[in-house]
S.K.: 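A single structure is presented below for examination.
Residue numbers start from 1 in every chain, and the chains themselves are labelled A, B, ... in the order their sequence lines are given, proteins ahead of strands.
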Protein chains: 2
Amino acid sequence: MPGLTIGELASRAGVNRETVRYYERRRLLARPPRTMAGYRVFPDDAVDRLRFIRHAQALGFTLEEIRELLGLRLDERSSCEQVRARATRKLADVEAKIAALKRIRRVLGRLVHACETRRPTAPCPILESLAAPDARARKEEVQ
Amino acid sequence: MPGLTIGELASRAGVNRETVRYYERRRLLARPPRTMAGYRVFPDDAVDRLRFIRHAQALGFTLEEIRELLGLRLDERSSCEQVRARATRKLADVEAKIAALKRIRRVLGRLVHACETRRPTAPCPILESLAAPDARARKEEVQ
DNA sequence: CTACACCCTGTATGCAGGTACAGGGTCAAG
DNA sequence: CTTGACCCTGTACCTGCATACAGGGTGTAG
């Protein structure tokens, strides 16, 4: 018999029960059907949805943005063009985030490599370009 | 003549003056030298540092994590091994973020493409896999 | 039937990350 | 030497995102 109570859902997704209700209020989760007693009954895939929300948050999306992302799957044929436009915009956001993270990754990778291969007398190299993704001039200040 | 007042710095970096002071308290910015009157005098590259902070925040790093990232450039030769370890850990964080964003990108890309190529009578396709980042890539999950 | 672990709504509280004064000093232009 | 735009410290307040009760109902094992 499919259907989760709020407690089962919360523990499967690794979130607090209150957080589930909070997401429902914020409309990141659809209002689920209820039992006669008023208990929420969630579909099994609500677990995936919750996990997606947590992942997306860790990537810097706000709950509002995540709601929009999730909203992209609920559209009717009439709104297809609008959905495509929103998806395209989100895609651009995601591309930008990936590019920025890749810059950070490159700099961190160089730092690790330089630290591994440094000659004993050399000081650990300064991570000069971390502070400015698109600029590169730097000197060091000792706090 | 190098050196910025807090107001100049804030407007160049596009942040609030109070935010600059807040970051100084949180030690994301070094305490700058002062004039005789007690005014802060920031080096020009503080602008880059502030911009980096904003970028990193948009990518889901907390201020504390950003402080650590920025701290990687201030090390002395004595702490090289420790710096390498921290950089390696951060690198793993960044890799994970990139991987998660790529999953989202793939799904969004498919959605856009499907919307573009759908036949007029077909309903706009449902983005069913958005709620579960990637069925294949999800057996273990660490946060 | 009662104990206990759940569920409900509603409101209050907490933490991170800012933002906004209050009350006061600095300084260049007019 | 006053005016206005800045700066200082300190503290209070706000928003987003939860999290924690309070006060009460539900349901099932013993």
S.K.: Sequence neighbours excluded, which residues qualify as side chain to side chain contact (heavy atoms under 4.5 Å, CB included) partners of B:R54?
M.R.: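 So B:R54 forms a side chain to side chain contact (heavy atoms under 4.5 Å, CB included) with B:V15.
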
S.K.: Would you mind telling me which residue lines up with the more 5' stretch of DNA chain C, B:T35 or B:R54, judged by nearest nucleotide?
M.R.: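 Nearer the 5' end of the strand: B:R54.
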
S.K.: Write down the distance between CD (B:E24) and P (C:dT19), rounded to a whole number of angstrom.
M.R.: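 Distance, rounded to whole Å: 17 Å.
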
S.K.: I need the OH-P distance between A:Y22 and C:dC15, as an integer number of Å.
M.R.: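 One finds 17 Å between P of C:dC15 and OH of A:Y22, rounded.
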
S.K.: Which two nucleotides bound the region of DNA chain D that has atoms under 4.0 Å from heavy atoms of chain B, read 5' to 3'?
M.R.: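 Contacts span D:dC6 to D:dT9, reading 5' to 3'.
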
S.K.: Looking at every strand, decide which applies to B:Q57 at a 4.0 Å heavy-atom threshold: base, sugar-phosphate, or nothing.
M.R.: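 B:Q57: backbone/sugar contact only, no base atoms under 4.0 Å.
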
S.K.: Could you tell me whether the side chain of B:Y39 has a donor or acceptor atom within less than 3.5 Å of a complementary atom in the base of C:dG25?
M.R.: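 Yes.
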
S.K.: Rounded to the nearest 0.5 Å, what's the gap from NZ on B:K102 to CG on A:L101? Could you check?
M.R.: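 The NZ atom of B:K102 sits 10.5 Å away from the CG atom of A:L101.
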
S.K.: Indicate yes or no for a side-chain donor-acceptor contact from B:K90 to the backbone of A:L108 under 3.5 Å, with no hydrogens or angles considered.
M.R.: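 Flag not set: sc B:K90 to bb A:L108 has no pair under 3.5 Å.
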
S.K.: Which residue lies toward the 5' end of DNA chain C, B:V15 or A:G38, if each is placed at its nearest nucleotide?
M.R.: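 Result: A:G38.
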
S.K.: Can you measure B:I66 atom CD1 to C:dA16 atom P for me and round it to whole angstrom units?
M.R.: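 Distance, rounded to whole Å: 14 Å.
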
S.K.: Is any side-chain N or O of A:R40 closer than 4.0 Å to OP1 or OP2 of C:dC7?
M.R.: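 Result: no.
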
S.K.: In whole angstrom, what separates A:E18's CD from C:dG14's P?
M.R.: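 So the two atoms are 16 Å apart, to the nearest Å.
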
S.K.: For the pair A:E68 and A:R86, evaluate salt bridge (Lys or Arg N to Asp or Glu O under 4.0 Å) and give the outcome as yes or no after the intermediate values.
M.R.: CA-CA 8 Å; A:E68 285 173 27; A:R86 284 198 296 164; 5.4 Å; no

S.K.: B:L29 has an atom CG; how far is it from atom C1' of C:dG18, in whole Å?
M.R.: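 Distance, rounded to whole Å: 14 Å.
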
S.K.: Is the phosphate of C:dT19 approached by B:T19 (side-chain N or O, under 4.0 Å from OP1 or OP2)?
M.R.: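 Yes, because at least one side-chain N or O of B:T19 sits under 4.0 Å from OP1 or OP2 of C:dT19.
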
S.K.: May I ask you to list the residues of residues 5-13 of chain B, by number, that have any heavy atom positioned under 4.0 Å from an atom of DNA chain C?
M.R.: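 Result for residues 5-13 of chain B: none.
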
S.K.: Just how far, in rounded Å, is C1' of C:dG17 from CD of B:E65?
M.R.: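 Result: 14 Å.
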
S.K.: Please tell me which of the listed nucleotides, C:dC6, C:dT19, C:dC27, lies nearest to the side chain of B:A37?
M.R.: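 Of C:dC6, C:dT19, C:dC27, C:dC27 is nearest to the side chain of B:A37.
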
S.K.: Enter the distance from A:I53:CD1 to A:R49:CZ here, rounded to the nearest 0.5 Å.
M.R.: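 Between A:I53 CD1 and A:R49 CZ, I get 6.5 Å after rounding to 0.5 Å.
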
S.K.: Is A:R17 near enough to C:dC7 that one of its side-chain N or O atoms lies under 4.0 angstrom from OP1 or OP2?
M.R.: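 Indeed, a polar side-chain atom of A:R17 lies that close.
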
